[in-house]
Every structure is written in C-alpha cells, then in structure tokens.
Amino acid sequence: QVQLVESGGGLVQAGGSLRLSCAASGRSFSRYPMGWFRQAPGKEREFVAAIFWSAGGTYYADSVKGRFTISQDNAKNTVYLQMNSLKPEDTALYYCAAAAYLISARAVSRTSSYNYWGQGTQVTVSS
C-alpha cells in the first residue's frame, strides 16, 4: 500500500522559511516524478514544484521560482520542499503527490498526472 506522509508545516512570519518533507512508502518512486501542490481556502489545488527522481530535473510554478527548492533523498525515499522568503499568499494546505507512471515535462503541473496523494500539511504565513 502506497503512503505519502507530509510533515514540516507550521506558522511562520512573512520572510521566514520552512522545509516540508514527504516520506514515501509502499513502493519505490525512483523512476517516477513527485510533486508538491497547494490549496488555499476557496481556491483550486495548484502546482508548486516537481522533481524527476532519476534525472533530477526540477520544475516550479512561476510564483515560487527563486524562493522554493525541491529536492530528494533517494536512500530515504523522501522529497523535500525548502521554502524561503515566504509570503502571506503562500498560505495553504500543501500536498505531496507521486506519479505511478512516467509523464512528460509538460504534464508535471497537472493534478491528473499524479496517482498518489498525501493528507497535506498546513503552512500559514503571517504578515
């Protein structure tokens, strides 16, 4: 049974930093991409970042480029999202997602590309 467990969320002031973790179990995701999405109240779930395990390629939403960094630890089957220079508009429930198949780079930002989802971890940025 595949499980994705996020951690690291919390309350932080604007300009601060947080690091989210997503521990994957139940299968190896070494060949397939994993991503981070977020959903604010009353808004649709939106893409934040993605990483291809094997190639190490990374992708980011324009709104987080230069501030967020996605990385992986293959030995721990864990993906991280380092978030710096946080803004109040980054406040959301952050979800980790994993694809069960190879997907194209154009598809990494689509929620439909991912087969497994975590429960989410809340990030709140105060002004």
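As the structure is a prediction and not an experimental result, all values here were calculated from the model.
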To the closest 0.5 Å, what do you measure between [atom1] ([X]) and [atom2] ([Y])?
X: R19; Y: N84; atom1: CZ; atom2: CG; answer: 11.5 Å
X: R38; Y: K43; atom1: CZ; atom2: NZ; answer: 8.5 Å
X: K76; Y: S25; atom1: NZ; atom2: OG; answer: 15.5 Å
X: C96; Y: L20; atom1: SG; atom2: CG; answer: 9.5 Å

Please report the closest heavy-atom contact between [X] and [Y], naming both atoms and the distance.
X: L18; Y: G8; value: CD2-O, 3.8 Å
X: R67; Y: D90; value: NH1-OD2, 2.7 Å
X: A40; Y: A92; value: N-CB, 3.9 Å
X: Q122; Y: L93; value: N-CD1, 3.6 Å
X: S113; Y: A107; value: OG-O, 2.7 Å
X: A14; Y: S127; value: CB-CA, 4.4 Å

Could you tell me whether a side-chain N or O of [X] sits under 3.5 Å from a main-chain N or O of [Y], the two making a donor and an acceptor?
X: N115; Y: A99; answer: no
X: S112; Y: R110; answer: no
X: E6; Y: T121; answer: no
X: Y60; Y: I70; answer: yes
X: T91; Y: V125; answer: yes
X: Y114; Y: V108; answer: yes

Proximity of F37 and Y95 rings by center, below 6.0 Å: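 Between F37 and Y95, the centre distance exceeds or equals 6.0 Å.
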Any chain of hydrophobic side-chain contacts (each under 4.5 Å) joining [X] to [Y]?
X: L4; Y: Y80; result: no
X: V64; Y: V12; result: yes
X: I51; Y: L102; result: no
X: V2; Y: M34; result: yes
X: F47; Y: Y32; result: no

How far apart are the C-alpha atoms of S71 and Q82, what are their side-chain angles, what is the distance that settles it, and do they pass the side chain to side chain contact (heavy atoms under 4.5 Å, CB included) test? CA-CA 8 Å; S71 62; Q82 178 67 43; over 6 Å; no
Can you name the ring pair (Phe, Tyr, Trp, His ring centres under 6.0 Å) partners of Y94, sequence neighbours left out?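 With sequence neighbours excluded, Y94 shows a ring pair (Phe, Tyr, Trp, His ring centres under 6.0 Å) to no residue whatsoever.
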Return the set of residues passing ring pair (Phe, Tyr, Trp, His ring centres under 6.0 Å) with Y59 (not counting sequence neighbours), or none when no residue passes.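 For Y59, the residues satisfying ring pair (Phe, Tyr, Trp, His ring centres under 6.0 Å) (neighbours in sequence not counted) are F52.
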Tell me every residue that passes salt bridge (charged side-chain N to carboxylate O under 4.0 Å, His left out) with K65, counting only those two or more places apart in sequence or in another chain.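 Result, salt bridge (charged side-chain N to carboxylate O under 4.0 Å, His left out) vs K65: D62.
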Are the side chains of V48 and L81 in contact, using a 4.5 Å heavy-atom criterion?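 When only atoms from C-beta onward are counted, V48 and L81 do touch, with a gap below 4.5 Å.
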Do the side chains of F68 and L86 get nearer than 4.5 Å, heavy atoms only?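 L86 vs F68: side chains touch.
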Would you indicate whether E89, at its atom CD, is surrounded by more than 12 heavy atoms from other residues, nucleotides or ligands within a distance under 6.0 Å?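 Atom CD in E89 is crowded, with more than 12 foreign heavy atoms closer than 6.0 Å.
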